[in-house]
> 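Take this structure, written in structure tokens, and hold onto it; I'll ask about it next.
Note: hydrogens, waters and symmetry copies are ignored here, and every other heavy atom, side chains too, is used. Predicted, not measured: the structure shown is a model, and the values here were computed from it.
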Amino acid sequence: TTYKIYAGIAAFVILLIVIIRLLVKRQAIIFWLKNLKLRRRYARNKKLAIKELKALCAEGRDPSASSTLLQKIMREYLEVRLAYPFTKTLTSEMSLAFDRASGGLADENRQAAFENIIAAFVRTDYIRFSRAKDAVFEDGEFAGIVNNLVDDINVIEEEPEKDV
């Protein structure tokens, strides 16, 4: 019986220490939980964008409709990932928008990925709005654009290397 009382007191003391520790560290715990939720949101956004891009590549739509959907998918992805209104940003303003969204602190790889995305938007804008007869994708061009965009998404999602 004595051992049960001592075990109960020890468990109560340990529980009390854990509760006090949680109260003291609550801000750090809240930050960790918010960060975890944000990382899950980014991962879900990445997965959805890549899935939609690959499905778009497999579909046989006309070039203008494919271009419109490609831009819609990428703009929604970028809006969630960078917390900037890319769905309301013109292609000509994308470079400035990337600088604002990244605070001008994007590394070379991400900057190159942003430039590739802008180039894809320029090409798809030409396909969407041009009345010229050559306003179609060449053989394999659309699949190449989609593959490049998937690679760019992966570059944007890479964890930055931490200095040791």
Side-chain angles (χ1 to χ4, degrees), residues 22 25-132 134-164:
L22 289 175
K25 297 284 187 175
R26 73 179 176 274
Q27 291 300 327
I29 293 169
I30 290 170
F31 176 75
W32 182 81
L33 288 172
K34 284 182 180 180
N35 199 15
L36 179 67
K37 182 180 175 183
L38 188 62
R39 280 188 270 139
R40 289 185 65 202
R41 183 177 179 201
Y42 288 164
R44 197 174 328 121
N45 183 41
K46 172 188 171 186
K47 182 180 176 182
L48 179 66
I50 290 173
K51 178 183 171 186
E52 288 178 346
L53 284 172
K54 288 183 178 180
L56 180 63
C57 190
E59 293 176 5
R61 296 178 185 260
D62 72 294
S64 179
S66 295
S67 297
T68 302
L69 285 173
L70 181 133
Q71 282 202 18
K72 179 181 179 286
I73 293 165
M74 283 304 296
R75 287 176 188 273
E76 288 173 353
Y77 163 76
L78 291 169
E79 190 161 310
V80 170
R81 182 61 174 98
L82 299 174
Y84 191 87
F86 284 101
T87 55
K88 298 175 180 94
T89 304
L90 300 174
T91 301
S92 60
E93 300 170 347
M94 288 295 250
S95 183
L96 181 62
F98 281 129
D99 283 342
R100 285 183 181 161
S102 66
L105 300 174
D107 62 4
E108 291 178 18
N109 292 338
R110 284 190 174 90
Q111 197 66 34
F114 294 152
E115 290 170 7
N116 288 341
I117 292 169
I118 292 170
F121 279 15
V122 168
R123 178 66 176 142
T124 53
D125 275 348
Y126 176 74
I127 301 291
R128 289 171 62 194
F129 301 118
S130 177
R131 302 260 186 235
D134 66 340
V136 293
F137 293 110
E138 296 175 11
D139 290 338
E141 182 184 9
F142 188 74
I145 290 173
V146 168
N147 290 334
N148 287 340
L149 290 175
V150 169
D151 292 341
D152 294 336
I153 289 172
N154 288 326
V155 167
I156 291 170
E157 294 293 327
E158 284 178 351
E159 289 289 324
E161 293 181 15
K162 296 181 180 179
D163 294 332
V164 178

> Does the side chain of Arg75 come within less than 4.5 Å of Met94's, by heavy atoms?
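They are in contact (side-chain heavy atoms under 4.5 Å apart), so the answer is yes.
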> If I compare all heavy atoms of Val136 with all of Arg123, which pair ends up nearest, and what's the gap?
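Of all heavy-atom pairs spanning Val136 and Arg123, the closest is O-NH2, 3.1 Å.
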> With rounding to the nearest 0.5 Å, note down the distance linking CG in Leu70 to CG in Leu56.
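Between atom CG of Leu70 and atom CG of Leu56 there are 6.0 Å.
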> Counting N and O atoms only, with roles assigned by atom type, does the side chain of Thr124 sit under 3.5 Å from a partner on the main chain of Phe121, one being a donor and the other an acceptor?
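A pair under 3.5 Å: yes.
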> If you measure only the distance, is there a donor-acceptor pair under 3.5 Å linking the side chains of Asn116 and Asp152?
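There is such a pair between these side chains.
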> Considering non-hydrogen atoms only, spot the tightest contact between Gln111 and Ala106 and give its length.
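Minimum heavy-atom contact is OE1-CB, 3.8 Å.
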> Quick check: closest heavy atoms across Ala132 and Tyr126, and the distance to 0.1 Å?
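Looks like CB-OH, 3.8 Å.
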> How long is the gap from OG on Ser66 to CZ on Arg128, to the nearest 0.5 Å?
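Separation between the atoms: 11.5 Å.
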> Enumerate, atom names and distances included, each donor-acceptor pair closer than 3.5 Å involving a side-chain atom of residues 39-50, sequence neighbours excluded.
from, atom 1, to, atom 2, distance (Å)
Asn45, ND2, Tyr77, O, 3.0
Lys46, NZ, Asn154, OD1, 3.3

> Once side-chain hydrogen bond (donor to acceptor under 3.5 Å, both in side chains) is applied, do any residues pair with Glu76, and if so which ones, sequence neighbours excluded?
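Partners of Glu76 by the side-chain hydrogen bond (donor to acceptor under 3.5 Å, both in side chains) criterion, ordered by chain and then number, come out as Lys72.
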> Between Phe98 and Phe86, is the gap from one ring center to the other below 6.0 Å?
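That pair passes the under 6.0 Å test.
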> Looking at side-chain heavy atoms only, is the closest gap between Ile156 and Leu78 below 4.5 Å?
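Ile156 vs Leu78: side chains touch.
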> What residues form a side-chain hydrogen bond (donor to acceptor under 3.5 Å, both in side chains) with Glu79, not counting sequence neighbours?
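Counting only residues at least two positions away or on another chain, Glu79 forms a side-chain hydrogen bond (donor to acceptor under 3.5 Å, both in side chains) with Thr87.
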> Supply the atom-to-atom distance Ile145 CD1 to Phe137 CZ, rounded to the nearest 0.5 angstrom.
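If we round to the nearest 0.5 Å, Ile145:CD1 and Phe137:CZ are 5.0 Å apart.
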> Go through Glu52 and Leu69 one step at a time and tell me if the side-chain contact (heavy atoms from CB on, under 4.5 Å) criterion holds.
CA-CA 9 Å; Glu52 288 178 346; Leu69 285 173; over 6 Å; no
> Give, for atom CG of Leu33 and atom CZ of Arg26, the distance between the pair rounded to the nearest 0.5 Å.
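Answer rounded to 0.5 Å: 14.0 Å.
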> So Leu149 and Ile73, do their side chains get closer than 4.5 Å, heavy atoms only?
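A side-chain contact is absent here, since even the closest heavy-atom pair is not under 4.5 Å.
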> Decide if atom CG of Asp139 counts as having more than 12 heavy atoms of other residues, nucleotides or ligands within a radius under 6.0 Å.
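Count not over threshold, so no.
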> Got a second to check how far Ser64's OG is from Asp62's CG, nearest 0.5 Å?
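Between atom OG of Ser64 and atom CG of Asp62 there are 5.5 Å.
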> Looking at CD1 of Ile30 and CG of Asn35, how far apart are the two atoms once the value is rounded to the nearest 0.5 Å?
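So the CD1 of Ile30 and the CG of Asn35 are separated by 13.5 Å.
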> Any donor and acceptor pair, going by atom type alone, linking the side chain of Arg110 with main-chain N or O of Glu158 inside 3.5 Å?
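Yes.
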> Set out, in order, the CA-CA distance, both residues' side-chain angles and the distance that settles side-chain contact (heavy atoms from CB on, under 4.5 Å) for Phe142 and Ile127, then state yes or no.
CA-CA 11 Å; Phe142 188 74; Ile127 301 291; over 6 Å; no
